[in-house]
2 protein chains.
Amino acid sequence: MKREKPPTIKEIAKKLKISTSTVSRALHNHPSIGYITTLRVHKMAEELNYQPNQTAISFKQRKTYTIGVLLPNLSEAFFSTAISGIEEFAEQQKYNVLMGQSLDDPEREKRVLETMKTHRVDGMIVSISKNTDNYDHFDQLKKVNIPIVFFDRIPEKNDIHYTACNLELGLINAMVMLVKRGHTKIALINGPEKLLASNQRLEAYKKGLDENNIEVDKRFIVSSDLSKEGNQKAMKKLLALKSRPTAVITFNDYLALDAMAVAKENQLVINEDISFVSFANLPIWAYMDSRPLASIEQFPFKQGEKAAEILFSILKESSNEESIELSEYQQVIFDSELVTHG
Amino acid sequence: MKREKPPTIKEIAKKLKISTSTVSRALHNHPSIGYITTLRVHKMAEELNYQPNQTAISFKQRKTYTIGVLLPNLSEAFFSTAISGIEEFAEQQKYNVLMGQSLDDPEREKRVLETMKTHRVDGMIVSISKNTDNYDHFDQLKKVNIPIVFFDRIPEKNDIHYTACNLELGLINAMVMLVKRGHTKIALINGPEKLLASNQRLEAYKKGLDENNIEVDKRFIVSSDLSKEGNQKAMKKLLALKSRPTAVITFNDYLALDAMAVAKENQLVINEDISFVSFANLPIWAYMDSRPLASIEQFPFKQGEKAAEILFSILKESSNEESIELSEYQQVIFDSELVTHG
DNA sequence: TTGTACGCGTTATCAA
DNA sequence: TTGATAACGCGTACAA
């Protein structure tokens with residue numbers, strides 16, 4: 001069984017004894033082609049099961065109708081939700097999605113970016129790995145005119161497009177709720193200090209305390225590398241304090257899970273002896289018995305969708321060759337929302 | 001700011017006053033090219049920041065070094081875990097992953113498949129939507145020589161490559177465990193009847209009962225459309241029986257969550273008044289208080305990885321033009337494993 | 001060891 | 001309304 005090549009416009013042309021250019025135009029319903037010819041071409045195309053060779057088109061048009069999405073980890077709920085939103089948007093625009101994960105390894109991130117670049121994706125959506133501190137490889141893409149929209153985990157730069165989530169509002173609402181319930185000893189288990197996301201949480205935390213006229217107690221601020229062991233260690237550190245916190249805000253849901261487990265081991269009753277609030281990345285608290293009082297929702301789906309929207313607006317604009325590089329950087333910040341788990 | 005075209009071998013050739021073929025060969029370290037020339041070419045390529053235009057190569061070689069992955073839903077843990085495994089394997093092979101989701105809509109499935117076909121992916125990994133009952137569009141791909149490896153949700157045909165998971169072993173082990181604990185009234189909340197996966201579960205369930213010398217009681221077999229309401233309704237139906245089951249096996253973890261919630265509403269204590277076993281798709285039981293006694297693990301990551309492995313073995317083989325279509329269909333079935341949640 | 005010439009499938013320009 | 005031809009970037013058979 002020989003591998004037969006898919007039909008081309010050339011074949012259609014030959015069978016119909018017309019030129020390839022006529023076929024091409026007929027297939028695109030070009031007005032200059034006669035009605036009958038157009039009809040005959042379409043019929044023959046149907047008959048031969050013709051499909052345009054996208055690789056040839058991409059090559060010629062310098063456009064692949066493909067966007068690249070590079071995320072730290074596809075199996076994390078937060079990111080897989082986001083990618084679902086991105087895919088939906090892209091599908092509507094008849095674009096394809098090329099996917100890669102960095103696994104939080106900067107080297108892998110660079111490699112994946114490289115292959116996406118050589119594959120000539122039209123644009124990219126990127127959430128940077130938590131260990132990335134050098135953004136040169138991203139600038140490289142800019143040079144070859146591949147726009148990037150950063151998503152959620154963004155570099156600390158101004159000359160970029162991005163979507164992100166402002167954690168402040170949600171966190172401050174959380175604190176107001178905690179204070180209303182009588183909590184004053186509110187701790188924070190944060191992520192790695194070098195992470196931008198950690199900084200944001202810390203700042204918001206301090207601001208929240210301030211707005212509620214609570215002094216910052218440094219012992220209540222601990223951090224974890226986000227490994228299970230790190231999480232447990234951080235929580236244990238808090239529980240070892242003479243004056244224990246009565247409420248704990250955690251960097252994310254996974255951390256909350258680990259911290260709550262440690263609390264339970266210490267015979268503490270969740271949401272009685274000690275309350276939790278976490279930054280959301282799990283969708284299933286509603287089913288769980290021990291759960292945080294509330295989560296601070298960051299809307300991965302909406303964020304992903306928006307990132308895609310921004311990217312496509314850039315792509316469209318740059319194909320109207322007139323106005324290149326005219327628009328400013330698009331930076332959309334969603335407000336986090338407090339979701340209580342009654 | 002003009003969009004400058006990326007450098008090509010032509011440019012390198014011109015600057016070095018040699019021919020493009022020499023450049024091409026030098027870049028591939030062809031032995032026939034002199035050492036010095038090779039060196040000069042590499043240096044110039046470096047200098048100009050040359051990168052081969054993959055779209056041109058794909059076009060010429062009729063090979064895109066891209067595989068397509070089409071899954072029902074990227075935001076479901078089971079599938080996002082799988083895709084993580086697939087991506088890892090593909091990355092090792094320097095392949096790209098084009099991703100799409102059907103959202104269980106056969107029309108969307110068809111559309112996505114179509115665009116992947118026109119984009120000339122080298123091969124595909126597909127988990128079919130639960131509403132798909134016509135496989136013509138998959139056969140189309142076969143015709144144009146794009147191999148497909150089906151994954152987990154596979155069509156009922158023999159002439160395909162696939163990886164899947166045999167649920168029987170895990171389920172029978174589950175039943176043995178249940179019987180050992182004194183259960184004889186074991187119910188099954190199954191998925192939609194037309195789903196292959198439901199059939200498999202039902203067959204395994206019957207076999208499991210048989211091996212334990214328990215009669216099949218039809219009232220103990222109910223099914224759900226897998227919506228939250230459907231799940232609750234199914235569980236309520238079981239609880240409404242005069243002679244209630246003492247153990248319930250559920251189609252998947254989500255169903256177990258809903259069913260357990262209903263049980264709790266009825267003042268039943270999980271794993272005392274009524275026990276659960278589910279087919280696994282959630283990774284976080286360890287953290288939950290109410291959880292099934294055990295889950296039947298289906299290894300999405302391993303399955304995904306294996307599917308990728310099979311696909312690449314096919315791709316490699318078909319590039320050794322000698323032996324086309326020689327090999328048989330590769331069909332790998334993993335055994336499910338019972339994982340207890342002590 | 002290197003260069004010339006061609007073709008992959010499509011679209012665009014120019015000519016008829 | 002249609003056709004001939006060039007071009008996109010690369011690899012390669014053939015020639016030198």
Side-chain angles (χ1 to χ4, degrees), chain A residues 3-42 44-45 48-65 117-122 144-145 319 321, chain B residues 3-42 44-45 48-65 117-122 144-145 319 321:
Chain A
R3 96 155 32 188
E4 47 184 303
K5 271 193 281 180
T8 68
I9 49 172
K10 230 186 218 167
E11 272 177 59
I12 300 181
K14 202 186 261 177
K15 299 222 178 203
L16 258 37
K17 295 188 202 291
I18 56 181
S19 80
T20 59
S21 33
T22 306
V23 175
S24 173
R25 285 186 281 234
L27 287 173
H28 291 87
N29 296 314
H30 193 285
S32 80
I33 299 297
Y35 178 65
I36 302 184
T37 314
T38 305
L39 223 63
R40 286 180 65 218
V41 169
H42 273 110
M44 181 58 77
L48 296 181
N49 221 322
Y50 167 79
Q51 284 205 273
N53 182 338
Q54 187 61 39
T55 66
I57 297 175
S58 297
F59 168 52
K60 179 142 185 37
Q61 318 271 283
R62 293 200 186 77
K63 202 153 184 261
T64 54
Y65 298 93
K117 186 167 103 192
T118 65
H119 270 255
R120 298 284 196 270
V121 292
D122 293 341
V144 296
N145 239 288
S319 62
E321 304 271 352
Chain B
R3 98 156 31 188
E4 47 185 300
K5 270 193 282 179
T8 68
I9 50 171
K10 226 187 224 165
E11 272 177 59
I12 299 182
K14 202 186 261 176
K15 298 223 180 202
L16 257 36
K17 295 189 204 289
I18 56 180
S19 80
T20 57
S21 42
T22 307
V23 175
S24 173
R25 286 184 280 235
L27 287 172
H28 291 87
N29 297 314
H30 194 284
S32 78
I33 300 297
Y35 179 66
I36 301 185
T37 316
T38 305
L39 223 62
R40 288 179 63 220
V41 169
H42 274 110
M44 180 57 77
L48 296 181
N49 219 323
Y50 169 80
Q51 284 205 269
N53 183 338
Q54 186 61 38
T55 66
I57 297 174
S58 297
F59 169 51
K60 185 160 185 14
Q61 317 273 282
R62 293 201 185 76
K63 201 151 183 263
T64 54
Y65 298 94
K117 187 166 104 191
T118 66
H119 271 253
R120 297 285 196 268
V121 293
D122 293 341
V144 296
N145 240 286
S319 63
E321 304 271 351

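To find a chain, count down the sequence lines: A is the first, B the second, and so on, and within it residues start at 1.
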So which atom in [X] and which in [Y] form the shortest heavy-atom distance, rounded to 0.1 Å?
X	Y	value
B:Thr64	A:His119	O-CE1, 2.9 Å
B:Thr118	A:Gln54	O-CB, 2.7 Å
B:Arg120	A:Gln51	NH2-O, 3.9 Å
A:Pro52	A:Ile57	CB-CD1, 3.9 Å

Problem - Residue pair A:Ile18, A:Val41: steps toward the side-chain contact (heavy atoms from CB on, under 4.5 Å) verdict - result: CA-CA 10 Å; A:Ile18 56 181; A:Val41 169; 3.8 Å; yes

Practice task
Step by step, work out the side-chain contact (heavy atoms from CB on, under 4.5 Å) result for B:Glu11 and B:Tyr50.
Solution key: CA-CA 9 Å; B:Glu11 272 177 59; B:Tyr50 169 80; over 6 Å; no

Exercise for the section: Classify every nucleotide of nucleotides 8-16 of chain D by which part a protein heavy atom approaches to under 4.0 Å, writing B for the base, S for the sugar-phosphate alone and - for neither, in 5'-to-3' order. Expected result: BBBBBB---

Completion exercise
In whole angstroms, the gap separating P of D:dA4 from CD1 of A:Ile18 amounts to 11 Å

Exercise for the section: Please find the earliest and latest nucleotides of DNA chain C, in the 5' to 3' direction, that have an atom within less than 4.0 Å of any heavy atom of chain B. Expected result: C:dT1 to C:dG9

Side chains of residues 27-40 of chain B: which donor-acceptor pairs under 3.5 Å do they make with residues two or more places apart or in other chains?
| from | atom 1 | to | atom 2 | distance (Å) |
| --- | --- | --- | --- | --- |
| B:His28 | ND1 | B:Ser24 | O | 2.8 |
| B:His30 | ND1 | B:Ser32 | N | 3.1 |
| B:His30 | ND1 | B:Ser32 | OG | 2.9 |
| B:Thr38 | OG1 | B:Gly34 | O | 2.8 |

Practice task
Can you pull out how bent the helix from C:dT1-D:dA16 to C:dA16-D:dT1 is, comparing the axes over its first five and last five pairs, to 10°?
Solution key: 50°

Problem - A:Thr22 and A:Ser19: side chain donor to acceptor below 3.5 Å - result: yes

Practice task
Using side chain to side chain contact (heavy atoms under 4.5 Å, CB included) as the criterion, list what pairs up with A:Lys14, not counting sequence neighbours.
Solution key: none

Exercise for the section: Identify, with sequence neighbours excluded, every residue that meets side chain to side chain contact (heavy atoms under 4.5 Å, CB included) alongside A:Lys60. Expected result: none

Problem - Touch class at under 4.0 angstrom, heavy-atom based, for A:Thr55 against every strand present - result: nothing

